[in-house]
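Residue numbers start from 1 in every chain, and the chains themselves are labelled A, B, ... in the order their sequence lines are given, proteins ahead of strands.
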Amino acid sequence: MHTATTAAPGAAARTGTRTTRVIGVLALATTAFVVVSAFFLTPADSVQGDSVRIMYVHVPTAWVAYLAFITTAVASGFSLARRHRTLGFDRVAGASGEVGVLFMAMTLLTGSLWGRLTWGTFWQWDPRLTTTLFLFVTYVGYLAVRRIDTDPRQRARRSAVIALLAVLEIPLVHFSVVLWRSLHQEASVLSPDGDVRLDDLMLFTLFAGVAAFTLIFAWLVIHRQRLTALADIRQTVGLDAAIALRRSETRGVVK
Amino acid sequence: MNVALSVARKDLQIEWRTRMVLARVVPFALLVMVLFAVALDSEPLVLRAAAGLVWLATLFSTMLVVQRAFDIETADAAIDTLLACAVHPARVFFGKALALFVQLFALVVVLVTAAMVLYGVTVSGSRVVLLVTVVISATSGLALVGTLYGAVVANMNGRDSLLPLLALPVLAPLLIGASRATEAAFGSQTIDMANGWAWVGLLGVYGIVFGAAGSAAFSPLTESDS
Amino acid sequence: MNVALSVARKDLQIEWRTRMVLARVVPFALLVMVLFAVALDSEPLVLRAAAGLVWLATLFSTMLVVQRAFDIETADAAIDTLLACAVHPARVFFGKALALFVQLFALVVVLVTAAMVLYGVTVSGSRVVLLVTVVISATSGLALVGTLYGAVVANMNGRDSLLPLLALPVLAPLLIGASRATEAAFGSQTIDMANGWAWVGLLGVYGIVFGAAGSAAFSPLTESDS
Amino acid sequence: MTNSVASDTTIHLSNAVVALGGFPALAGVTFGVGRGELVALRGANGTGKSTLLRLCAGLVPLTRGVAVVAGVDLLVNRVAVRPHVGLLGHRNGLYGDLTAKQNVQFVAGLVGATASDVSSALERLGIDQRVASTQASLLSAGQRRRTALAALIVRRAQLWLLDEPHAGLDAAARRELDVILRDATASGATVLYTTHEIDQVVGTPRTITLDGGCVASDVAATIGSAP
Amino acid sequence: MTNSVASDTTIHLSNAVVALGGFPALAGVTFGVGRGELVALRGANGTGKSTLLRLCAGLVPLTRGVAVVAGVDLLVNRVAVRPHVGLLGHRNGLYGDLTAKQNVQFVAGLVGATASDVSSALERLGIDQRVASTQASLLSAGQRRRTALAALIVRRAQLWLLDEPHAGLDAAARRELDVILRDATASGATVLYTTHEIDQVVGTPRTITLDGGCVASDVAATIGSAP
Ligand code: HEM
Ligand SMILES: Nc1ncnc2c1ncn2[C@@H]1O[C@H](COP(=O)(O)OP(=O)(O)OP(=O)(O)O)[C@@H](O)[C@H]1O
Ligand SMILES: Nc1ncnc2c1ncn2[C@@H]1O[C@H](COP(=O)(O)OP(=O)(O)OP(=O)(O)O)[C@@H](O)[C@H]1O
Ligand SMILES: [Mg+2]
Ligand SMILES: [Mg+2]
């Protein structure tokens, strides 16, 4: 994807480029539209009232979290296939995983707030909710493995394997509603039988939300990934110094 | 494949010598089953709970057996020699998964029998076939996934706690599928045989996916150990 | 008693460095809570189940933390030096139990909070006092019993599976007492506050008995190791 | 995977750097070892001897530089080198729950060695009937080391890497070890071992001394070093 | 519990038998070691040297015979001997997750040694700043051994039992170790150590040789064995 490794030392001090600035501006604009539309333009739901407005955050974060986890898996696949070369894909995978966990946490948070408003409780033992929680915990475990301080290539391999297995849980979350009878909304976007009836503007706002969060996701991942790249570069520079030190330090001192 | 058999035989030899699964994990699993019943104080422990408890207990026991399977490899760095001699890491993977399968299978047989006795379940006719198929397919799945994750965390500091964290969410679908299918085999009202077989299909797919993933992923995993 | 504090500090120092309980056992415990709810598919998961699940998850986590606490001692035979320097083995016992208590306490606080969110429990007034007392007394009991049994199995081959086997039956009364008292604190219909306090008394007695037993028994235990 | 050596060089290192957790345990090592050579690695504690052996065995990744071992480029695929290499590390690689004999038999089964290979290896290392049938975890430190050496002999690797093989062995076993290493090189294997011992029963083989993660000296074998 | 030695004998063994899992690792050992003596234990692998040290440290039970160590009768209460004894076994007794320095500090805290004791012990064993602040599990084998020795110095035990203390140490550390052992005996401690090394930088101290779980020979120190 993007590698900052080619940048000159001076330019490497920043993680922004024109592309990311464009993405940033677009993200801000779409977000602004979603906020305005969600609060003022779209109608309240006949059954749920104003609480339906949570949907414009809840659903996009869920979908973009899926996107993030899939990105992690794809990047992990590449990283495994080319494991003897660079760590670029591994950095993307890690960055995307972090953002995915963040968004999934937002899904859980908004979902339980919404649940409090509509079901009266923060949590229900429902397949969709439970599998979402599993998915979340799986990626928390993924990040835990990434945090373990070993050789970066080894870490890349281990976490890539985990990411490729973990992504298999997404269909499980998505189809859990079909597999088990469920309290949770069933595909209200696609079939208009659910409690929430979406008019065109609502649908538009929802997808605008998806676009906004996707842009935010891209912006965050690009920056995060470059940041780790820079850290790696610094470590490489640090390695040169460490090698010099190691060579001088012991020679002649012992015996 | 000869290597895989050697590895499996070695693991079972060690099990035979130490009787860890036989003498400790089996009682542990039985205990877990009883503890749950106590903690939840479920008045009429229905069939669905019986089936669920069997697989819950198996799941937790799997963590113990997997940990043990990789502790013997890493305690004195024996895995280094093993991987060097095996040429293909996938052979080691299947060997260890096979040994795990045998141990877990024995465990599940005991637990299912216990559940049938404790909850007064009788299984006959076509239900027996379903039950046997469920046990075999779910146990294979557990063995494959367990071995894979065991390898992921092998040699890591504090792996005892990392293994359940990583493996349990992945094994949760297996748990659910196996529980439901076992319920069907136990003759629960809430689920019919056809549905039970559908779950078995899912378990099979799960096993195949993880078998393939495991044999492919084991090699990069074993490059580790810095 | 200075020795006990040194030992506790050392254990917490290691925990701080590896973040094992913080980063892994806590998520594991949360997972156990969720898994049970799923496997048993309890439609109306009542308050009694909420309380029971908190303590079940704590119980299983205790096994992990205890194992870890003694693995660091035996991995490189550090316990030999420790016991030699401590003069009285009881000091080591209390030091390790103290560190265990601190870690388990943090864990239980998280789990109780999670249970309150997941099951929509609110606790106020005198119930808070009961809840805090239960958590402290049950956690002390777990820490004392856990340390004692951890020492029993320390250095044994395959101790990962032996510990739960030995400790779980002894801890079962604690589990029941803590669950019932927590239920009362959660405001369940099936048990009143007075009853809750009675259970707390029992927990206290349990803790005292095992504290005394532990400090007495730790010394002969450490004589083993042939 | 099977690109065996065509040339006569078993180990070729050029400015090899191995960083462990950011610390350059090897800070640029350059040397070559030919097929059939016997080389002793020396150096103070922490100078990188074990790391060097583990690098050659494919157990730690090369951070920078060139390392070709048994014809395998370690930068490209360090797993491929493993089948060619027999490593005896600071740890013995035994299964504590199996007997000494079962341990050696297991390795023999993996590499296709015969039962007579097993018993001759055990005999060579003075592992008698009683010791052979005792669980490895109950053996004395030296007996465990001997068992690990027996397993190594059975492997008949092309490159032997031994990390302080003399440590823990008694005088008789040390003498036998020296004979075993000579025999291995005579039959075409390459041997690289580390040692802190000052006296060398073995005569003096080529000796490479490490210091601060680099080669400090490389002294050829003294003539007349036959055992 | 505090019946410290009144006599001048630190170790008194008479026909001591130690059976491990039915096998008599010590099959009747008789000897005495006076206060302030330095004694080397020798013998082939598996002859019972480690078992003897572990017996004296109160870690394995005496099966038969008499064993009085630091005034404590091991048949009566082998736990009581522990505070008097500093044991360095085949394993180092370190916490892998703590740094080298933290390990030594922990022992110092237990026995009430000061911070300056810690730093002087570390310095003596050549554990520099970097190594001292590295996690013990990441150190090289020799660095770990040095750390364990530093912890032992800090303990200032009355009886030192060392199982192959030279193994894994480089030449400089071996020399320092010999000085440390001499110093310990000079300050009144008794030292019993095992070794397989043939050359002894230390001069030749009193040497007890074990064979088959019994004392085969007991040779007094050579005169002029000062370091
Ligand atoms: C903690 C509680 C909740 C969690 C963890 C959660 C999780 C999720 C997830 C993961 C998705 C994406 C599903 C997919 O497309 O695969 C989703 C979608 C959705 N959620 Fe929730 N949710 C929660 C509560 C709620 C509540 C209370 C409501 C409304 C009453 C709600 C309404 C929706 C809707 C309308 C969708 C889009 C559904 C579709 O078209 O598939 N959620 N939720
Ligand atoms: N993760 C790490 N962080 C910092 N330093 C490390 C790390 N891993 C290894 N080291 C250092 O790298 C060096 C590794 O040395 P190595 O084990 O190769 O030494 P050696 O020559 O075998 O020593 P010995 O003779 O003691 O066995 C040591 O100085 C050790 O402290
Ligand atoms: N449980 C057991 N069953 C059978 N034999 C045992 C058992 N425990 C120990 N042994 C034997 O007792 C002896 C113990 O020897 P010990 O460890 O004291 O030897 P050592 O002199 O220290 O040898 P080394 O030089 O190899 O360290 C060994 O021969 C070992 O095989
Ligand atoms: Mg080394
Ligand atoms: Mg010994």
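With chain D as partner, the option from E:Gly168, E:Ala25, E:Gly126, E:Ala173 having the largest number of non-hydrogen pairs under 4.5 angstrom is E:Gly168. Of the residues considered (E:Thr134, E:Leu169, E:Thr194), E:Leu169 shows the highest number of contacts with chain D, using heavy-atom pairs under 4.5 Å. The greatest number of non-hydrogen atom pairs below 4.5 Å with chain D, out of E:Gly46, E:Ser50, E:Gly48, is found for E:Gly46.
For the pair D:Asp117 and D:Arg155, the salt-bridge criterion is not met [side-chain N within less than 4.0 Å of a carboxylate O]. Between E:Arg146 and E:Asp170, at least one side-chain N (NZ, or NE/NH1/NH2) sits under 4.0 Å from a carboxylate O, which counts as a salt bridge. Between E:Asp163 and E:Arg54 no salt bridge is recorded (no basic side-chain N to carboxylate O distance below 4.0 Å).
Of the atoms belonging to E:Glu164, it is side-chain heavy atoms, and not backbone ones, that fall under 4.5 Å from chain D. Neither the backbone nor the side chain of E:Leu139 comes within contact range of chain D; no heavy atom of the residue lies under 4.5 Å from a heavy atom of that chain. Proximity to chain D is absent for every atom of E:Arg145, based on heavy atoms less than 4.5 angstrom apart.
When E:Leu88, E:Leu41, E:Leu152, E:Leu87 are each tested for a side chain to side chain contact (heavy atoms under 4.5 Å, CB included) with E:Leu161, only one passes: E:Leu87.
In this structure, E:Phe31 has its ring center no closer than 6.0 Å to that of E:His12.
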